Amino acid sequence: MERHNSPASASHSQVIEVNIDIDRDASSFPPISNPSPTSNNKACRGGTCDLSYSKDSPERWDSMRKLVIAVVLCIVFMTVEVIGGIKANSLAILTDAAHLLSDVAAFMISLFSLWAAGWEANPRQSYGFFRIEILGALVSIQMIWLLAGILVYEAIVRLIHDNGEVKGFLMFAVSAFGLVVNIIMALLLGHDHGHGHGHGHDHGHGHGHGHDHDHGHGHGHEHTHDHGHNHEHEHMHGHGHEHQHEDQDHEANTFPTKHQHDHSHSNDMKESLIKKGNKKPKRNINVHSAYLHVLGDSIQSVGVMVGGAVIWYKPEWKIIDLICTLIFSVIVLLTTIKMLRNILEVLMESTPREIDTTQLEKGLCAMNGVVAIHELHIWAITVGKVLLSCHVIIAPDADADRVLDEVLGYIRRDFNISHATIQIERH
Amino acid sequence: MQEKKDAMFSYQFPDGDRRLAFSRQSSFRHWDPPLPSPSPSPSPSPLLRSHSFKPYLARSDSTVGMPLLEKPGQKDATWVALILAAVRGVANGSRPMKRLALMISLNVAYSMIELLLGLFTGRVGLVSDAFHLTFGCGILTFSLFAMGISRKKPDETYTYGYKRLEVLAAFTNALFLLFLSFSLAVEALHAFMQDESEHKHYLIVSAVTNLLVNLLGVWFFRSYARVNIVYWKPEDMNYHSVCLHVLADSIRSAGLILASWFLTLGVENAEVLCLGIVSVAVFMLVLPLFKATGSILLQIAPSNIHPSAFNKCSRQIASLEEVLEVSQARFWELVPGYSIGSLSVLVKKGVHEDRILQHVNGLYNDLGIQDLTVQIDYK
């Protein structure tokens, strides 16, 4: 479900033209008023609605395209380095080429995960293949850790081989080249999807609390992490204000407190995006893990550069090289911790961070006819796709159908969980 | 109705709860019939939840704007408390846990010695071996941690409990072993391209010690020393992965010793051959475990139930008179031995749901699905 806001209206505070794309899953726009008994809140058109990637296809192909470009670039640079290394007969250049090879491997894993996540669900794999993304990201991160360890090991080897065969200048030059390559790829992977925002794909859900309650700041936040696309700042601010005027009925929702809290500390771009309850993660987890890989490599290149400069300048201070490498390796590992935590939480089937369980329970219990709820399980199939299952006990005289409808509607509207299974019981 | 709801909002959290030692604190008492909660709630009906107005934050950086309930001096004590809790956890743990802890400490001590020795004498081979061992120890520690924490009861954030961590630890172990086999293959290639000018014969001592320590580990977990195992409980996977880990390590050490011996005998390319064989052996060893853990983590339908059984159940339900359609039947395994499912049943209007619920639950329980959520839609 996408809402495309025409760019022309962004800078004015007039009535904006809203083109709402109602696609086949009509149940994602439940009516605000009391639904009829045969409301389509529960219906899920199509066999595996929303559990296949077909709706997100443009984003997916976009991510894949970026990764393919990164892979090609990487291979080109790698061959350049290998040829140069063989010609100059230098081990350092070949080692750096090997690191680029590991980059290629990480990109391949990400590409494969992205591609595999789009496979159609089958009865054996009833939730679709989205988990492959998470596992692929896990493998990627393990590789980052492995590489950090290998680099530290190499630094120790350099320390041990005291016969001065390490040429500081060569180390410096090679790692500088590697750094430039990594920066190019980091920009490629992290930069492009900023334009995706401009087309308003992210304002997806009409009743989503995502940006309504951001008071226009939310997108500003995202874009600061997006290497500051200032023109998009204004763009988004315009959107934010207008939407606020539109969706008056959500003012009462207590979600704003959560989002305002958000703005003070969302370091991780991924986290801040998800907390706004968007349907699609703006940065695909695989692209993000590839980006982390490249970022880690560039940090380590900086470390090796510093070490090379030190050895070049004063060859007897070799221990500085080791210390530098250790420090930078620790920095690299720290950057992966957040993503690792996300992966761990998804794999452990834990309640996603963006869902406020307390409020969900309170809201459900406060509904007409609902006596109690138990066995509430909320879990994510991948970052951004949440499922819920719950047993609701209703009063003996309540209408099961109506209560079911209300509950599903509430969950869908306020928490953006499209896949909920509710078992109604009477006592 | 309002009073009843107010009664649910009674704050209760026992002091000195052991779980405070872990970094996550439960803010909810969840009375869950299949998995009993740790402390009984005083409210009359077991099905009601008790809420607290000022809950502990379940997550350290939760953005819910609720006041933090802090115990005095808690922050300082956390690290010490964590370590103490870890030691206590291992001491109270099951026998495999203790054995694994013993093995890990042996390995860590040994790798420290090796690293220092390598640094002082300038032998690169020792250093690389020490690194290798340290990585392995890290992964084994994760397995140990998973064993310890899996006994925790499910809480607010981890509604399904912590048993999944064992599967994850087994997966990480399997992944590490795959990396190991790949790196051994690379080493073999390296030895193939290089001259045999400097074979590190001094590594023999380290390889023998490594072999002995790992054989001890294999002996501890000897009941799991097979390639294909049927997993009945989540611990099975974890133990199996640990056993395969030490087994692979011992095969690697044995391979190195053999390679050295063959070289002294004058066999050409002995190192390449041995490393290659070891690499292939480790790969074959670990592949079934990798597939099994991977399929659980990927939410694949329970492997111990044949897909045709699901179809049969589905048809049986659809053949009931009141039922019009069965849809969105999804099943997955939380851990080996505990399967969860959800499905949607479309029935005629006015049908009482209890009977259908009981029937459906009974059917799927027989199959082995312990936890089923059935959504009944009325046409």
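Quick note on labels: first sequence line is chain A, next is B, and so on, each numbered from 1. Please read these numbers as outputs of a predicted model, since none were measured by experiment.
Both the backbone and the side chain of A:Val139 come within less than 4.5 Å of a heavy atom in chain B. Only the side chain of A:Ile156 comes within contact range of chain B, with heavy atoms under 4.5 Å apart. Interface remark: B:Ala130 contributes no atoms to any contact with chain A (heavy atom separation under 4.5 Å). Residue contact with chain B, scored on non-hydrogen atoms closer than 4.5 Å, involves the backbone and the side chain of A:Leu347 alike. Only the backbone of B:Leu372 comes within contact range of chain A, with at least one heavy atom under 4.5 Å from a heavy atom of that chain. Proximity to chain A (any heavy atom under 4.5 Å) is restricted, for B:Phe179, to the side chain, taken from C-beta onward. With a 4.5 angstrom heavy-atom cutoff, B:Leu343 touches chain A only via backbone atoms. Only the side chain of B:Ile139 comes within contact range of chain A, with at least one heavy atom under 4.5 Å from a heavy atom of that chain. Residue contact with chain A, scored on non-hydrogen atoms closer than 4.5 Å, involves the backbone and the side chain of B:Thr373 alike. Within the 4.5 angstrom heavy-atom criterion, no atom of A:Ile134 approaches chain B.
With A:Thr351 contributing its side chain and B:Thr157 its backbone, the two residues share a donor-acceptor pair below 3.5 Å. With hydrogens and angles ignored, the 3.5 Å screen pairs a side-chain donor or acceptor of A:Arg131 with a backbone N or O of B:Leu297. Under a 3.5 Å cut-off, the side chain of A:Gln125 and the backbone N or O of B:Leu298 do form a donor-acceptor pair. Panel note: side chain A:Gln423, backbone B:Val374; a donor-acceptor pair is recorded below 3.5 Å.
Of the N and O atoms on the side chains of A:Thr357 and B:Glu156, at least one donor lies less than 3.5 Å from an acceptor on the other residue.
Taking B:Gly294, B:Ser128, B:Ser342 one by one and counting their heavy-atom pairs under 4.5 Å with chain A, the maximum is reached by B:Ser128.
Taking all atoms of both residues into account, the shortest heavy-atom contact from A:Leu408 to B:Gln375 is CD1-NE2, 3.7 Å. The two residues B:Ala329 and A:Ser126 make their nearest non-hydrogen contact at O-CB, 4.2 Å. Across all their heavy atoms, B:Phe176 and A:Gln142 have their closest contact at N-OE1, 4.4 Å.
In this structure, A:Leu138 CG and B:Leu168 CG are separated by 6.5 Å, a value rounded to the nearest 0.5 Å. Here A:Arg124 contributes atom CZ and B:Phe310 contributes atom CZ; the two are 10.5 Å apart, rounded to the nearest 0.5 Å. Annotation: the span from A:Leu146 atom CG to B:Phe131 atom CZ amounts to 11.5 Å, rounded to 0.5 Å. Between atom OG1 of residue B:Thr159 and atom CD of residue A:Glu375 there is a gap of 9.5 Å, rounded to the nearest 0.5 Å. Rounding to the nearest 0.5 Å gives a distance of 10.5 Å between CD1 of A:Ile422 and OG of B:Ser344. Note that the CG atom of A:Asp401 and the NZ atom of B:Lys349 stand 4.5 Å from one another [nearest 0.5 Å].
In this structure, the side chains of A:His377 and B:Ile340 stay at 4.5 Å or more apart for every pair of heavy atoms. Using a 4.5 Å heavy-atom cutoff, the side chains of A:Leu135 and B:Phe171 are in contact. Side-chain atoms of B:Trp332 and A:Glu349, non-hydrogen and from C-beta on, do get closer than 4.5 Å to each other. At a threshold of 4.5 Å between non-hydrogen side-chain atoms, the residues B:Asp377 and A:Leu404 count as touching.
The aromatic rings of B:Tyr160 and A:Trp379 sit perpendicular to each other, their planes meeting at more than 60°, with 30° as the lower class boundary.
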